[in-house]
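First comes the structure, then the notes that go with it.
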Amino acid sequence: DAGITQSPRHKVTETGTPVTLRCHQTENHRYMYWYRQDPGHGLRLIHYSYGVKDTDKGEVSDGYSVSRSKTEDFLLTLESATSSQTSVYFCAISARQGANSGANVLTFGAGSRLTVL
Amino acid sequence: EDQVTQSPEALRLQEGESSSLNCSYTVSGLRGLFWYRQDPGKGPEFLFTLYSAGEEKEKERLKATLTKKESFLHITAPKPEDSATYLCAVDRAGTALIFGKGTTLSVSS
């Protein structure tokens with residue numbers, strides 16, 4: 001996954017503990033996204049960012065917060081992890097330049113598998 | 001409500017047996033339809049973008065087509081290495097893609 005890395009790739013944690021997942025890009029793309037992927041649900045958007053310090057909620061944002069202090073880094077935080085947040089989390093980036101633009105293609109990271117016991 | 005539905009959920013083919021995957025959508029202000037391939041344990045990998053009804057894109061054994069309500073991913077003479085989950089997503093007047101749940105394709109030799 002050239003240009004986008006996620007860390008950690010695997011994490012096991014206990015209910016109630018805070019967890020932060022990191023997404024780092026080297027493409028200088030404006031847009032960054034966090035999705036979660038669960039069996040039977042597909043990919044669902046958690047939060048996204050359209051610039052430094054500019055973020056907005058997706059369809060499943062409850063229990064999650066994000067921060068983007070630099071263009072290259074987008075952090076996803078679970079303040080108090082719950083078992084329902086056990087999932088695979090994907091970060092994606094996009095240049096997004098408007099309708100019918102090839103720049104709207106999302107490039108995904110390799111994923112972070114989180115297990116909350 | 002914007003929605004993307006993929007069918008079938010799973011498809012088993014013999015090597016060389018051609019078939020099609022379906023992606024139907026109800027979206028206001030479609031700005032593009034995307035197909036991705038996802039291998040186990042990896043992130044989705046971009047295949048195609050289609051922007052308007054009647055458009056077609058091809059890549060090796062795959063061909064994607066688009067109508068006003070659905071898209072098809074045609075797989076001609078598949079090989080075992082085509083086994084993967086294929087995801088459809090739509091870009092609409094908003095800021096993020098909406099994904100279908102995917103079709104898991106298994107091709108046996």
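These numbers come from a predicted model, not from an experiment. Below, read A as the first sequence line, B as the second, and so on, with proteins coming before strands; counting in each chain starts at 1.
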> Is it true that A:V60 and A:L75 fall in one hydrophobic cluster, defined by side-chain heavy atoms closer than 4.5 Å?
Replying inline: no
> Would a hydrophobic clustering, with Ile, Leu, Val, Met, Phe, Trp and Tyr connected at side-chain separations under 4.5 Å, put A:Y35 with A:V88?
Replying inline: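 In one cluster: yes.
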>> Show me the pairs that pass disulfide (SG to SG under 2.5 Å) and involve residues 35-69 of chain A, at least two apart or across chains.
In response: none
> Which region of A:R113, side chain (C-beta onward) or backbone (N, CA, C, O), has a non-hydrogen atom less than 4.5 Å from a non-hydrogen atom of chain B, or is it both or neither?
Replying inline: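 No part of A:R113 comes within 4.5 Å of chain B.
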> Is it the side chain or the backbone of B:L87 that comes within 4.5 Å of chain A heavy atoms, both, or neither?
Replying inline: side chain
>> In the structure I gave you, are the side-chain heavy atoms of A:V105 and B:F34 within less than 4.5 Å of one another anywhere?
In response: yes
> Heavy-atom distance under 4.5 Å between the side chains of A:H41 and B:F99, does that happen here?
Replying inline: no
> Among B:Q38, B:Q6, B:E9, which has the most heavy-atom pairs under 4.5 Å with chain A?
Replying inline: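 Of B:Q38, B:Q6, B:E9, B:Q38 has the most heavy-atom pairs under 4.5 Å with chain A.
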> Is there any side chain to side chain donor-acceptor pair (under 3.5 Å) pair reaching into residues 98-107 of chain B, and which pairs are they, with sequence neighbours excluded?
Replying inline: B:T85-B:T104
> Shortest non-hydrogen contact from B:G43 to A:F90?
Replying inline: CA-CE2, 3.3 Å
> What distance do A:L43 atom CG and B:I98 atom CD1 have between them, rounded to the nearest 0.5 Å?
Replying inline: 12.5 Å
>> To the nearest 0.5 Å, what is the distance between CZ on A:F108 and NZ on B:K42?
In response: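 Between atom CZ of A:F108 and atom NZ of B:K42 there are 15.5 Å.
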> Got a donor-acceptor contact below 3.5 angstrom from the B:Y36 side chain to the A:L106 backbone?
Replying inline: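 Yes: the side chain of B:Y36 pairs with the backbone of A:L106.
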> Which one of A:G40, A:C91, A:G58 has the most heavy-atom pairs closer than 4.5 Å to chain B?
Replying inline: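 Top count of heavy-atom pairs under 4.5 Å with chain B: A:G40.
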